[in-house]
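As a basis for the values below, the full set of heavy atoms in this structure was taken, side chains included, without hydrogen atoms, waters or symmetry mates. On a predicted model such as this, the values are computed, not experimentally measured, just so you know.
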Amino acid sequence: ANTEGIFRIIQSVSSPKAEPFKRWLARVGYERIKEIEDPELATKRTRALYKAKGYSDDWIEKRIRGIAIREELTDQWQKRNVKKPREYEILTAEISKATFGLTPSAYKKFKGLKRENLRDHMNDLELIFSMLGEASTKEITINKNAQGFIENKQAAQEGGAVSGNARKELERKSGKKVLTRENYLKAAQSKKLLN
């Protein structure tokens, strides 16, 4: 059974031992309904979850802003006749390849991730260049009035190249690679232990 099926089974159990879990399900359902009424509550919950996992406030702000930029871009794709999930994956991969030289799946392997969210394991600079690639793609998409998958793929490559060029310039001038195999949270926790 999938997660939804397991929850339905739990709801049907008449044992008193299942009651705490049923109350928890009802509370979570109520919270999600409140978030639909007031989306700011969902943002606050997201911040609290990241904070509980040990992320810094600065990192959380970047991550939340990255989510907003991603939504702005996908809204543009939706308006421009890019509808299929597979097309979104391909366009995202084009931005990532041009920005980092890796598709998201290759980037996850590079970081040693399996099912985890790649962006939750990026450091500040990786997040910033991801945002730059997607924000640049959105601007190019709008300004060129890209329509359909093919034109949006070109915009994704160009937007990612803007970010990729900026990343390469920073690496050249700083003498340090932006991409890191380190998991942000593990690296942040290691720094705390050393201090």
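The ring of F129 has its center no closer than 6.0 angstrom to the ring center of F100.
Taking the side chain as every heavy atom from C-beta outward, N123 and E182 never approach each other to under 4.5 Å. The closest side-chain heavy-atom distance from V13 to F21 is not below 4.5 Å.
With K177 contributing its side chain and E171 its backbone, the two residues share no donor-acceptor pair below 3.5 Å. Using a distance-only test at 3.5 Å, with no hydrogens or angles considered, a donor-acceptor pair links the side chain of K108 to the main chain of E116. For the pair T74 (side chain) and E71 (backbone), a donor-acceptor distance under 3.5 Å is present. Looking only at distances, no side-chain donor or acceptor of R80 sits under 3.5 Å from a matching main-chain atom of G148. Within the 3.5 Å criterion, the main-chain N or O of L102 finds a donor-acceptor partner in the side chain of S96. Judged by distance alone, with hydrogens and angles left aside, the side-chain atoms of E151 form a donor-acceptor pair with the main-chain N or O of Q147 at under 3.5 Å. Proximity of a side-chain donor or acceptor of S12 to a complementary backbone N or O of I9 within less than 3.5 Å is detected.
Taking Ile, Leu, Val, Met, Phe, Trp and Tyr as members and joining any whose side-chain heavy atoms lie under 4.5 Å apart, directly or through other members, the hydrophobic cluster of I95 also contains L73, W77, V82, Y88, I90, L91, F149, I150.
E126 pairs with exactly one of K62, R119, R63, K111 by the salt bridge (charged side-chain N to carboxylate O under 4.0 Å, His left out) rule, that one being K111.
For residues 150-173, no pair satisfies ring pair (Phe, Tyr, Trp, His ring centres under 6.0 Å), with sequence neighbours left out.
No more than 12 heavy atoms of other residues, nucleotides or ligands shown are found within 6.0 angstrom of NZ on K17. Environment of CZ in R45: crowded, with over 12 heavy atoms of neighbouring residues, nucleotides or ligands closer than 6.0 Å. Counting heavy atoms of neighbouring residues, nucleotides and ligands inside a 6.0 Å radius, atom CD of E37 exceeds 12 of them.
For F110, there are no ring pair (Phe, Tyr, Trp, His ring centres under 6.0 Å) partners two or more places apart in sequence or in a different chain. In terms of the side chain to side chain donor-acceptor pair (under 3.5 Å) criterion, R23 has no residue partners (sequence neighbours excluded). With sequence neighbours left out, the salt bridge (charged side-chain N to carboxylate O under 4.0 Å, His left out) criterion links E4 to no other residue. Residues that satisfy the salt bridge (charged side-chain N to carboxylate O under 4.0 Å, His left out) test with K144, not counting sequence neighbours, are E158. Checked against side chain to side chain contact (heavy atoms under 4.5 Å, CB included), R27 has the following partners two or more places apart in sequence or in another chain: W24, E31. With sequence neighbours excluded, the residues satisfying side chain to side chain donor-acceptor pair (under 3.5 Å) with R70 are T92, E134. A search for side chain to side chain donor-acceptor pair (under 3.5 Å) contacts involving K97 returns E94, not counting sequence neighbours. E61 pairs by the salt bridge (charged side-chain N to carboxylate O under 4.0 Å, His left out) definition with R47, not counting sequence neighbours. E87 is linked by a salt bridge (charged side-chain N to carboxylate O under 4.0 Å, His left out) to nothing, counting only residues two or more places apart in sequence or in another chain. Here T46 pairs with nothing under the side chain to side chain donor-acceptor pair (under 3.5 Å) rule; sequence neighbours left out.
When all heavy atoms of H121 and N183 are compared, the pair lying nearest together is ND1-ND2, 2.5 Å.
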Any chance you could lay out the salt bridge (Lys or Arg N to Asp or Glu O under 4.0 Å) test for D57 and K51, step after step, and finish with the verdict?
-> CA-CA 7 Å; D57 289 334; K51 190 77 171 164; 2.9 Å; yes

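Following chains of ILVMFWY side-chain contacts shorter than 4.5 Å, one cannot reach L118 starting from L49, and the two form parts of different hydrophobic clusters. With hydrophobic clusters built from ILVMFWY side chains whose heavy atoms lie under 4.5 angstrom apart, V162 does not share a cluster with L170.
For Y50 and D120, the side-chain atoms include at least one donor-acceptor pair closer than 3.5 Å.
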